[in-house]
Engineer: 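Here it is: the structure, laid out below.
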2 protein chains.
Amino acid sequence: MSKVEAVQNPPRGELLRIVDSALSSEAILTIFARCRVHYDGRAKSELGSGDRVIIIKPDGAFLIHQSRKREPVNWQPPGSFVTVEERDGVIILRSVRRKPKEILEVELEEVYLVSLFKAEDYEELALTGSEAEMAEMIFRNPELIEPGFKPLFREKQIGHGIVDILGRDRDGNLVVLELKRRKADLHAVSQLKRYVEALEKEHENIRGILVAPSLTSGAKKLLEKEGLEFRRVQPPKREKLGKSRQKTLF
Amino acid sequence: MSKVEAVQNPPRGELLRIVDSALSSEAILTIFARCRVHYDGRAKSELGSGDRVIIIKPDGAFLIHQSRKREPVNWQPPGSFVTVEERDGVIILRSVRRKPKEILEVELEEVYLVSLFKAEDYEELALTGSEAEMAEMIFRNPELIEPGFKPLFREKQIGHGIVDILGRDRDGNLVVLELKRRKADLHAVSQLKRYVEALEKEHENIRGILVAPSLTSGAKKLLEKEGLEFRRVQPPKREKLGKSRQKTLF
DNA sequence: ACCTACATATCGTCT
DNA sequence: AGACGATGTGTAGGT
């Protein structure tokens with residue numbers, strides 16, 4: 001069997017054959033169709049008739065894309081189970097997720113293209129510039145925070161949450177760091193404040209420092225009101241990513 | 001021109017013709033290919049050679065899907081601008097976003113299928129069960145919170161954030177509601193606490209109530225420690241959605 | 001353009 | 001399975 005099969009305006013039998021073949025062979029199924037979509041689960045939705053791109057992956061992920069936006073208009077996450085039915089002469093793709101219980105149904109009104117793709121892919125994304133890499137950088141180079149700072153714990157569970165980095169300053173005071181790889185907002189300040197207050201039950205002179213490339217105006221205001229601190233730090237980008245080697249794009 | 005064009009194992013000229021045609025005609029371009037992907041922008045990533053599904057929408061949204069997960073492995077949001085180049089005999093799809101500056105490059109090593117889909121779709125999703133509908137329900141039926149509760153403001157800007165619902169209880173005390181359509185977590189409690197504390201500067205006896213279908217264990221603990229309250233409320237699902245009419249799926 | 005918060009968020013990690 | 005927090009979060013709505 002070849003890596004790709006594709007049929008335009010497939011007759012019903014051909015459509016069912018390719019759909020069944022894809023669902024039973026670890027292939028990605030892609031359908032261009034006019035369809036209606038019904039979803040019921042964590043929320044509930046209806047989508048009237050229109051042309052969409054439907055993708056069903058071998059892990060159960062189910063995507064319905066309109067011609068705009070990055071996000072699918074309807075979907076089902078991996079682990080969902082797909083079946084094909086025929087009701088009143090209309091072919092229906094039905095995807096069921098067990099927990100939480102969610103059902104997605106697609107009425108295929110007209111299929112313009114059905115295709116199957118046995119994708120072979122052994123590569124994983126190598127990404128740099130994450131918050132985890134900021135933390136590594138600070139552990140290797142604690143003076144990025146301030147002279148004498150000593151990081152002690154990473155991802156430390158405390159009373160009400162998990163602190164990014166817990167350490168001590170040159171005077172021995174406990175210091176909580178909350179890292180953000182992008183501009184920090186009110187939410188980030190609330191998070192930091194929650195950690196500081198949880199630790200204040202058992203320690204004195206806790207300092208809380210928000211570590212990020214920048215701050216929103218509201219975050220700055222709240223941070224100052226709460227007596228918390230800010231250190232400007234950019235998330236680092238590694239020179240080499242994974243096994244590949246690549247010049248910068250710009 | 002027809003709604004769909006699709007060519008398997010296209011020769012270079014045919015590939016370029018369909019790509020150009022799609023990019024200049026408001027069509028969705030879909031490519032099954034072995035490719036490498038390079039991204040640099042808010043972060044930076046590399047993805048080695050493998051088979052993927054590439055989708056480019058007329059609004060500039062650019063998706064690269066592997067055979068697992070709901071999320072694209074790489075992407076570009078709507079508004080990005082696509083060009084096609086040839087470097088050392090390899091065709092490269094290049095998508096540029098202006099702000100923030102982000103570049104995505106896909107080296108097409110082997111194209112198994114290229115297709116174009118002039119999707120016509122005038123329908124929008126009608127969704128029910130959102131937090132906004134919870135708020136409407138509470139305004140219509142304030143005793144869902146407690147007897148004598150009077151909602152006054154919706155999405156009210158206060159000192160440090162935007163309160164979901166601000167009202168008064170039967171005794172005239174100011175009440176802040178934080179609504180969650182799903183199980184509320186530590187983050188939700190911190191949010192509520194932030195609003196209550198912002199209002200405490202100018203008012204006395206502020207009550208904070210977290211309104212959600214359930215609570216995580218940690219949220220319950222923090223809520224109690226902070227003297228905040230909880231009301232169990234499910235997000236409502238409307239019977240009719242938009243213009244369509246539909247029996248429940250289960 | 002910035003800020004704020006929701007989302008059927010999804011996803012990974014740890015308990 | 002539940003809890004917790006990051007994400008190149010995306011997206012909408014307000015100012």
Side-chain angles (χ1 to χ4, degrees), chain A residues 39-45 61 68-80 97 99-104 125 127-132 134-135 155 157-158 160-164 178-188 190-191 194-195 214-221 235 237, chain B residues 39-45 61 68-79 97 99-104 125 127-132 134-135 155-158 160-164 178-188 190-191 194-195 214-221 235 237:
Chain A
Y39 156 75
D40 198 351
R42 287 169 291 178
K44 184 179 176 185
S45 73
R68 293 171 195 280
K69 302 298 172 198
R70 203 210 77 145
E71 291 301 299
V73 62
N74 280 110
W75 71 90
Q76 202 70 292
S80 309
R97 184 190 193 186
K99 196 168 194 308
K101 179 85 168 181
E102 297 195 286
I103 295 184
L104 180 68
L125 190 72
L127 185 139
T128 186
S130 64
E131 186 193 283
M134 273 180 85
E155 299 286 318
Q157 281 243 7
I158 58 163
H160 300 283
I162 303 166
V163 165
D164 278 341
E178 174 57 35
L179 312 186
K180 290 295 166 200
R181 66 166 306 286
R182 59 174 186 173
K183 183 183 280 201
D185 57 13
L186 283 174
H187 171 189
S190 290
Q191 219 180 321
R194 165 155 51 91
Y195 303 148
S214 59
L215 276 178
T216 66
S217 53
K220 184 164 186 287
K221 213 173 62 160
K237 288 184 187 177
Chain B
Y39 156 75
D40 198 351
R42 287 170 291 179
K44 185 178 177 186
S45 73
R68 293 171 195 285
K69 303 297 171 201
R70 202 210 78 143
E71 291 302 298
V73 62
N74 280 111
W75 72 91
Q76 205 69 291
R97 185 189 193 185
K99 197 169 194 302
K101 179 83 169 180
E102 297 194 285
I103 296 186
L104 180 68
L125 190 72
L127 185 137
T128 186
S130 64
E131 187 193 283
M134 274 181 85
E155 299 283 320
K156 174 73 174 166
Q157 284 242 9
I158 59 163
H160 300 283
I162 303 164
V163 164
D164 278 340
E178 174 57 35
L179 312 185
K180 290 294 164 199
R181 65 169 307 287
R182 57 175 187 170
K183 182 184 282 201
D185 56 13
L186 283 174
H187 169 191
S190 290
Q191 212 180 328
R194 165 156 51 91
Y195 303 147
S214 60
L215 274 178
T216 67
S217 51
K220 185 164 185 286
K221 215 174 59 157
K237 288 185 187 176

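In the text below, chain A, chain B and the rest are named by the order of the sequence lines, each starting its count at 1.
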Engineer: Both B/Ser45 and A/Lys69 contact DNA chain D. Taking the nearest nucleotide for each, which residue is further toward the 5' end?
Structural biologist: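 Nearest nucleotide further toward 5': that of B/Ser45.
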Engineer: Answer yes or no: does a side-chain N or O of A/Arg42 lie under 4.0 Å from OP1 or OP2 of C/dT10?
Structural biologist: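 A/Arg42 to C/dT10 OP1/OP2: side-chain N or O found under 4.0 Å.
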Engineer: In the structure shown, which nucleotide is the Watson-Crick or G-U wobble counterpart of D/dG8, with both distances under 3.5 Å?
Structural biologist: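 With both distances under 3.5 Å required, D/dG8 matches none.
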Engineer: Is B/Gln76 side chain donor-acceptor paired with the D/dG8 base, going by distance under 3.5 Å alone?
Structural biologist: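 Side chain to base: pair found, below 3.5 Å.
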Engineer: Side chain of A/Gln191 only, please: which of C/dC3, D/dG8, D/dG5 is the nearest?
Structural biologist: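 Comparing C/dC3, D/dG8, D/dG5 against the side chain of A/Gln191, the answer is D/dG5.
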Engineer: Would you say a side-chain N or O of A/Lys237 is under 4.0 Å from OP1 or OP2 of D/dG8?
Structural biologist: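 Checking D/dG8 against A/Lys237, no side-chain N or O comes under 4.0 Å of OP1 or OP2.
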Engineer: Which is more 5' along DNA chain D, the nucleotide nearest A/Glu155 or the one nearest A/Lys99? Just name the residue.
Structural biologist: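 Nearer the 5' end of the strand: A/Lys99.
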Engineer: Could you tell me whether the side chain of B/Asp185 has a donor or acceptor atom within less than 3.5 Å of a complementary atom in the base of D/dG5?
Structural biologist: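 Check fails, no donor-acceptor contact within cut-off.
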Engineer: Considering only D/dT11, C/dT10, D/dG5, which nucleotide approaches the side chain of A/Ile162 most closely?
Structural biologist: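 Per side-chain heavy atoms of A/Ile162, the pick is D/dG5.
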Engineer: What integer distance in Å separates A/Arg181:CZ from D/dG8:P?
Structural biologist: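 Taking atom P of D/dG8 as the reference, CZ of A/Arg181 is at 7 Å.
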Engineer: Below 4.0 angstrom, N of the basic side chain to O of the carboxylate: do B/Arg97 and B/Glu102 qualify?
Structural biologist: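 Salt bridge flag = yes for B/Glu102 with B/Arg97.
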Engineer: Closest to the A/Leu127 side chain: D/dG8, C/dA7, C/dT8?
Structural biologist: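 Shortest atom-to-atom distance from the side chain points to D/dG8.
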Engineer: With both distances kept under 3.5 Å, what pairs with C/dT8, Watson-Crick or G-U wobble?
Structural biologist: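 No nucleotide pairs with C/dT8.
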Engineer: Which of the following nucleotides, C/dT15, D/dG10, C/dC6, is nearest to the side chain of B/Glu178?
Structural biologist: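 Nucleotide nearest to B/Glu178's side chain: C/dC6.
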Engineer: Whether A/Glu71 and B/Arg70 form a salt bridge (side-chain N of Lys/Arg under 4.0 Å from carboxylate O of Asp/Glu) is what I want to check.
Structural biologist: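 Salt bridge: yes.
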